Amino acid sequence: MCGSCKTWYHWRCAGEGVDLDTIDKWQWNSFFSRFCKSCLATGKRAITFKAPTRKSDRKRTTKNYANIEAGVNSDPTRFQKMMEGKEIKEALFRRMEGSEVGLSWLQEDETAMTEPTVIENPDGLGMKMPDESFTVDDVGLLVGEKNPIEVIDVASQSNASGWTVGQWVEYYNLEPPQRDKILNVISLEVSGTLLADRVLPPRLVRELDWVENFWPSTRKGKGHTYPKVQLYCLMGVQGAWTDWHIDFAGSSVYYHVMHGSKVFYFIKPTAANLAAYERWSGTEIQNHTWLGDLVDEVVKVTLHPGNTMIIPTGWIHAYTPEDTLVFGGNFLHSYNIPTQLKVHDIEIRTMVPKKFRFPMFTKLCWYVGDKYMKDLKSGHVPHARVLDSLIALVDFLLSESRALERGSPQAKKEAKEQIPHDRVKDGPALARELAWRLRHASGNNSEDEQAPATNGVGYKRKRTRSSSPPKFKNFQPKGWGLVVESKAENDSKTLHLPRHEEMEKWTEWDTYEDAENEPAVEVRSRKSVITKVRRKGEGVVERERVERTVEVWTWKD
């Protein structure tokens, strides 16, 4: 019913494809809803949306209620039984100090944020968390015991409806034998509650987060609809299991364990593994097949209280905790846009419902494109890793532009609605200008284009003669056929050397001489090697070897 004129409508007639389940409440004083067009003409209505489920909820086969009555597939431990006897290796992911996890790490280390990272002690992360005395009872008090909460029934991996925060706290505080079901909470987003004042994501997360940095600050906060995925409170009980999944839109995740322990199982997001995940997800084989049998390997990591983990883009993961209280959040970033978009495509192909995808993903991409275009226009060129990654964003925005210009009437309508017209006046023009500026920033200047005149006057394109062969439109050089990255090797040794305050002294590699009368210095090093191979032609092979060594020198005065 329209809250203004009291007229009733069918949602399928008036909702224009928006999921009714995602609507939280109606609000006055802003314009967003398309529910009642005559009342909306006044510009004083808006709706807000519930925070989406973090887990990518896949399509599932129709339940066989006769089997459920008989107890078939209703055992919450069947997932653990499925993995019995499987080969699962301990992960050799890097472990870092909190102070080492910063933007300089991403810009100086090509392997940064390409695999999960464990920070055993949060000191230096620039993160705020409640103190150790904080419990699930405090969650209930700060979030509101009467507020609804999404609870997962582990046996069926589906929602258990009708729960409030207060009921969940009572259930969580029961002894394990007293719990009639194994339940899990992974989707309690606490932005806008009193609990949000107690939690602040790691500094690196805030520096990378697209929502934090690109969504206009004037369109966040009370009364505005924006992606709220940064502050989740996760509460699992002993024996809980969350099935294999990739976080929506391939978003990266940070987790901090307050109480309990978490065991994470990981599958690397290679092209073959993502294809296997897509075949497995939402199909009949999902109910009786261990995904690990379809991929190259499964590794595990155990987190303890005080540990923090950052899971990068696209990693397929599952976990089974004891009674656990965890804070975490999702974030998209500019260092691996291709994988984020690849996961977004998988969600579309596997028909993940919109309410379980990253909220307002396409609109956020337009905001990101607009900001980078303005940066490039002002002469600010992003880091090389970001520059390479932005090519995928341009391709995505160009595809949205083609839908807007040449798509079906429905496709045009949907593409137009995704463009944030408060910032982007002409979507296709923005996408094409961003593509042009990225080519120039990368040094790939097209031979039949000249830069626009700085005086605002138009210009003609002029062909210039060149002795080199022409570069064809959409030409892509042959990529590497095989890329092998060795596991990082850590080493530590003690030397006796004088201190060098001048930075120039450190540019000479391995020129030191150990002297016993000098102060002792501990040298910790991490070495990794990337080998790339491709076939250039008949009987011609090109090989490239990149060796990276990072050293930290600490004098023991």
Side-chain angles (χ1 to χ4, degrees), residues 49 51-52 54 56 101-103 105-107 112-114 126-127 189 191 196 200-221 224-232 246-255 269 310-315 328-345 347 354 356-376 380-383 385-400 418-424 427 430-431 434 438:
F49 290 86
R54 293 176 56 260
S56 291
V101 181
L103 274 179
W105 170 49
L106 269 75
Q107 295 173 354
M113 287 284 287
T114 60
M127 178 176 68
E189 218 285 339
S191 296
L200 185 69
R203 178 179 54 253
L204 177 65
V205 172
R206 289 179 277 123
E207 289 173 338
L208 296 179
D209 185 4
W210 275 5
V211 177
E212 182 82 12
N213 294 285
F214 298 116
W215 195 277
S217 58
T218 56
R219 293 186 173 267
K220 285 190 282 192
H224 292 287
T225 305
Y226 67 98
K228 297 179 183 179
V229 296
Q230 295 90 350
L231 299 177
Y232 283 99
I246 305 174
D247 280 83
F248 41 39
S251 53
S252 300
V253 191
Y254 75 92
Y255 284 100
I310 296 178
I311 304 176
T313 303
W315 278 73
N330 293 68
F331 60 102
L332 296 169
H333 62 84
S334 302
Y335 284 81
N336 197 351
I337 300 173
T339 304
Q340 291 172 176
L341 291 170
K342 186 180 296 183
V343 174
H344 175 70
D345 288 340
E347 292 173 346
K354 286 186 178 181
F356 296 119
R357 301 182 201 168
F358 196 100
M360 291 164 276
F361 175 79
T362 302
K363 183 170 289 188
L364 178 58
C365 286
W366 280 111
Y367 277 131
V368 174
D370 176 67
K371 179 62 167 63
Y372 277 113
M373 200 274 289
K374 289 176 180 175
D375 286 347
L376 289 166
H380 176 69
V381 179
H383 186 268
R385 282 186 66 181
V386 175
L387 206 59
D388 291 341
S389 185
L390 283 172
I391 295 172
L393 177 66
V394 166
D395 289 342
F396 175 73
L397 297 181
L398 287 173
S399 69
E400 287 291 305
Q418 295 303 319
I419 297 177
H421 296 287
D422 59 306
R423 291 288 176 91
V424 180
L430 166 65
L434 179 59
L438 277 177

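Note that the structure is a prediction, hence the values are computed from the model and not measured.
Remark: the backbone N or O of G126 is paired with a side-chain donor or acceptor of R206 at under 3.5 angstrom. The closest donor-acceptor contact from the side chain of K220 to the backbone of V211 lies under 3.5 Å. Side-chain atoms of E189 do not come within 3.5 Å of backbone N or O of Y232 as any donor-acceptor pair. Formation of a donor-acceptor pair under 3.5 Å by the D370 side chain with backbone atoms of W366 is not found in this model. Judged by distance alone, the side chain of Q230 and the main-chain N or O of F331 form no donor-acceptor pair under 3.5 Å. Side-chain N or O atoms of R357 include none that pairs as donor or acceptor with a backbone N or O of H344 at under 3.5 Å. Of the possible polar contacts, none joining the D247 side chain to the S252 backbone as a donor-acceptor pair under 3.5 Å is found. Between the side chain of Q340 and the main chain of T313, no donor-acceptor pair closer than 3.5 Å is present.
Residue A249 comes nearest to E347 through the heavy atom pair N-OE2, 2.8 Å, listed as atom of the first residue, atom of the second, then distance. Shortest non-hydrogen contact noted between P338 and S389 is CD-OG, 3.4 Å. Contact between P227 and P359 at its shortest, heavy atoms only, is CG-O, 3.5 Å. Across N330 and S251, no two heavy atoms sit closer than the pair ND2-OG, 2.9 Å. Of all non-hydrogen atoms in S191 and A196, the two that sit nearest each other are CA-CB, 4.1 Å.
Within the model, atoms CG of L341 and CG of D395 stand 9.0 Å from one another, a figure rounded to the nearest 0.5 Å. In this structure, CD1 on I337 lies 11.0 Å from CZ on F396, to the nearest 0.5 angstrom. Considering OG of S334 and CH2 of W210, their distance stands at 5.5 Å, rounded to 0.5 Å. Interatomic distance, T114 OG1 to R385 CZ, rounded to the nearest 0.5 Å: 7.0 Å. The structure places CZ of F361 at 6.0 Å from CG of L332, a figure rounded to the nearest 0.5 Å. One distance of note links CG of N213 with CG of L208; it measures 8.0 Å at 0.5 Å rounding.
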(request) Begin with the C-alpha distance, continue with both residues' side-chain angles, and end with the deciding distance and a verdict on side chain to side chain contact (heavy atoms under 4.5 Å, CB included) for T225 and M360. (result) CA-CA 9 Å; T225 305; M360 291 164 276; 3.6 Å; yes
(message) Pair V394, L397 - check side chain to side chain contact (heavy atoms under 4.5 Å, CB included), show working.
(response) CA-CA 5 Å; V394 166; L397 297 181; 5.9 Å; no
(request) Could you walk me through whether K228 and Y226 pass side chain to side chain contact (heavy atoms under 4.5 Å, CB included), step by step? (result) CA-CA 6 Å; K228 297 179 183 179; Y226 67 98; 3.6 Å; yes
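Shown here are the side-chain contact (heavy atoms from CB on, under 4.5 Å) partners of K371, two or more places apart in sequence or in another chain: F214, D375.
A tilted orientation is assigned to the rings of Y335 and H333, their planes being inclined by 30° to 60°.
For the side-chain contact (heavy atoms from CB on, under 4.5 Å) with M113, the qualifying choice from I310, N336, I311 is I310, the only one to do so.
Checking Y367 against D422 by side-chain atom types alone, a donor-acceptor pair falls below 3.5 Å.
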